[in-house]
Asker: 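Pasting a structure below so you can have a look.
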Amino acid sequence: MPELPEVETVARGVDARLRGDRIEAVWFSGKKEPFKSPARTMAEVLPGKRVKRVFRVGKHIVFDLVPTERAPSLKQQAVQWTVHLGMSGRLLVASPSDPIPAHTHAILRMRSKRELRFVDPRRFGRLALHAASSGEGGGFAGKGREPLTISTNEFAALFHGARTSIKAALLDQSRLQGVGNIYADESLFRAGIRPRSRAASLSRKRMDRLCRCLKDVLGEAISLGGSSVSDYVDADGARGFFQFEHKVYQRTKLPCLVCGTLIRRVVVAGRGTHYCPHCQS
DNA sequence: AATGAAACCTGACAGC
DNA sequence: TGCTGTCAGGTTTCAT
């Protein structure tokens, strides 16, 4: 599933290929509006815009788009376009001659003749337009803090007074944004913390450890192009390699790679949750 | 206010 | 073979 490392990988890939390119035309499938912004509005605003850069915020891929001189006067403002991949979304940079996959919901035809395609079988993904804010560093920021750059103090403060489980708290995008089921389970394993532990009950020492383990696992996953556990691929259609590094995620009833105890699966916060009963206390 | 659970979706897969 | 049921899990919405 696309979580922070997968979204980062896709954003980097799209940025490398489309930065400086210009959107010539757009197409949207008429399918039951899988978009946050109306397709009609996007079809009006996107064409003529130049891709200034593409980056990641939480699990969102953000496009900074600026008008080109050819744009009609009405559309002279810079905008941000965000793509959320949901569960099954893909964002692919393809050639027009490449076959169009099933469940393709949006195509942006670029001046370079390449196409940016949004493919999403389950339609949990979302596309949205945002007004680019005038201030420096403004614009789309998401609701939570970025796990890669947060300080240990701020990290610990996020969970102060939280009565819920640490697993649910890690998944809460209004606290931290970008962590999903895989990296919640993997970071808790590395930190030696049971997923059902009350978040606020964890010692500062364990919180600091969790913060470091989370950053480590996210960083390592990014360097391996993310985890391809179902059908995740990057902007080139290539799979990631971090799924081979998973210690607990989807290893139910397999021996723990550290101590040999069988990995247990329970449901926490409505999600399949995997942990080692011996290593995580 | 905070938390949990259901709903949204389709494909993959297990079991019969 | 082909059907049914279950599972996957990010986010939104609804209920408690």
Side-chain angles (χ1 to χ4, degrees), chain A residues 1-11 28-37 56-62 82-91 100-106 118-128 130 140-147 157-188 195-201 214 218 221 226-233 239-240 242-243 246 248-254 263-275:
Chain A
M1 313 306 136
E3 302 179 24
L4 187 152
E6 293 76 33
V7 177
E8 177 73 26
T9 302
V10 172
F28 297 102
S29 74
K31 285 278 182 335
K32 219 174 91 182
E33 209 59 33
F35 311 131
K36 269 193 168 173
S37 298
R56 178 197 60 79
V57 172
K59 294 174 190 168
H60 299 263
I61 299 161
V62 185
T82 58
V83 176
H84 193 295
L85 299 174
M87 295 273 309
S88 60
R90 296 181 179 193
L91 202 55
I100 294 176
H103 309 293
T104 298
H105 297 298
F118 176 64
V119 183
D120 185 16
R122 295 177 67 178
R123 303 210 297 261
F124 284 7
R126 292 292 180 263
L127 311 180
H130 310 263
F140 184 85
K143 294 180 295 186
R145 308 298 309 276
E146 280 293 330
L158 284 180
F159 306 103
H160 192 258
R163 300 171 51 81
T164 190
S165 65
I166 185 62
K167 163 93 182 218
L170 283 172
L171 293 175
D172 178 354
Q173 303 295 298
S174 65
R175 288 191 167 95
L176 281 175
Q177 53 183 356
V179 180
N181 208 34
I182 297 171
Y183 300 101
D185 281 7
E186 292 296 320
S187 61
L188 287 169
R196 275 206 251 257
S197 306
R198 297 297 105 187
S201 74
L214 178 61
L218 292 173
S227 302
S228 290
V229 295
S230 54
D231 55 1
Y232 158 77
V233 292
R239 294 169 62 82
F242 195 72
Q243 65 275 18
H246 294 172
V248 289
Y249 181 76
Q250 286 190 347
R251 296 197 66 251
T252 309
K253 292 180 181 170
L254 294 174
I263 299 301
R264 195 169 293 172
R265 180 188 185 277
V266 294
V267 174
V268 181
R271 317 291 234 291
T273 296
H274 315 75
Y275 70 99

Asker: Sequence neighbours excluded, which residues qualify as salt bridge (Lys or Arg N to Asp or Glu O under 4.0 Å) partners of A:R145?
Answerer: A:E154
Asker: Starting from P on B:dA7, measure out to CE on A:M87 and report it in whole angstrom.
Answerer: 17 Å
Asker: Starting the side chain at C-beta, find the nucleotide from C:dG10, C:dT12, C:dA8 nearest to A:K143.
Answerer: C:dT12
Asker: Excluding sequence neighbours, so at least two apart, what forms side-chain contact (heavy atoms from CB on, under 4.5 Å) with A:A106?
Answerer: A:F28, A:F118, A:L127
Asker: Taking the same atom, P, in C:dT11 and in B:dA1, what whole-Å distance lies between them?
Answerer: 23 Å
Asker: Heavy-atom contacts under 4.0 Å between residues 162-175 of chain A and DNA chain B, which residues?
Answerer: A:A162, A:R163, A:T164, A:R175
Asker: Taking only residues two or more places apart in sequence or in another chain, which ones pass salt bridge (Lys or Arg N to Asp or Glu O under 4.0 Å) with A:R175?
Answerer: A:D172
Asker: Regarding A:G180, tell me which of base, sugar-phosphate or nothing describes its non-hydrogen contacts under 4.0 Å with the strands shown.
Answerer: sugar-phosphate
Asker: Run the ring-ring contact (aromatic ring centres under 6.0 Å, His included) test against A:H84 and tell me which residues pass, sequence neighbours left out.
Answerer: A:H60
Asker: Does A:F124 lie flat on the base of B:dC8, that is, centres under 5.5 Å apart and planes under 30° off?
Answerer: yes
Asker: Rounded to the Å, how far apart are A:R265 CZ and C:dG9 C1'?
Answerer: 11 Å
Asker: Quick one: salt bridge (Lys or Arg N to Asp or Glu O under 4.0 Å) partners of A:E8, sequence neighbours excluded?
Answerer: A:R12, A:R56
Asker: Can you pull out every salt bridge (Lys or Arg N to Asp or Glu O under 4.0 Å) where at least one residue sits in residues 158-169 of chain A? Sequence neighbours excluded, please.
Answerer: A:K167-A:D185
Asker: Test of understanding: with side-chain contact (heavy atoms from CB on, under 4.5 Å), list the residues that count as partners of A:A141, not counting sequence neighbours.
Answerer: none
Asker: C:dT12 P sits how many Å from A:R271 CZ, rounded?
Answerer: 12 Å
Asker: Between B:dC8 and A:R123, is there an OP1 or OP2 to side-chain N/O distance shorter than 4.0 Å?
Answerer: no
Asker: Nearest whole angstrom, please: distance from the C1' of C:dT12 to the CZ of A:R126.
Answerer: 9 Å
Asker: Phosphate oxygens OP1/OP2 of B:dT10: is one of them under 4.0 Å from a side-chain N or O of A:H103?
Answerer: no
Asker: Would you find a donor on one side and an acceptor on the other, under 3.5 Å apart, between the side chain of A:Q173 and the backbone of A:V179?
Answerer: yes
Asker: Report the distance from atom CZ of A:R90 to atom P of C:dG10, rounded to the nearest whole Å.
Answerer: 17 Å
Asker: Hey, is the side chain of A:Y249 poking within less than 4.0 Å of OP1 or OP2 on C:dG9, counting only N and O atoms?
Answerer: yes
Asker: Rounding to an integer number of Å, can you tell me how far A:H274 NE2 sits from C:dA8 C1'?
Answerer: 10 Å
Asker: Which stems does DNA chain B form, counting runs of 3 or more consecutive Watson-Crick or G-U wobble pairs with both distances under 3.5 Å?
Answerer: B:2-8 with C:10-16, B:10-16 with C:2-8
Asker: Would you say the side chains of A:S227 and A:Y249 form a donor-acceptor pair under 3.5 Å?
Answerer: no
Asker: What is the distance, to the nearest angstrom, from the OH atom on A:Y183 to the C1' atom on C:dG9?
Answerer: 14 Å
Asker: Judged by modelled atom types alone, do A:E3 and A:Y232 share a side-chain donor-acceptor pair under 3.5 Å?
Answerer: no
Asker: Determine the Euclidean distance between corresponding P atoms of B:dT3 and C:dG9; express it in Å to zero decimal places.
Answerer: 22 Å
Asker: What is the distance from CZ of A:R198 to P of B:dA2, rounded to the nearest Å?
Answerer: 16 Å
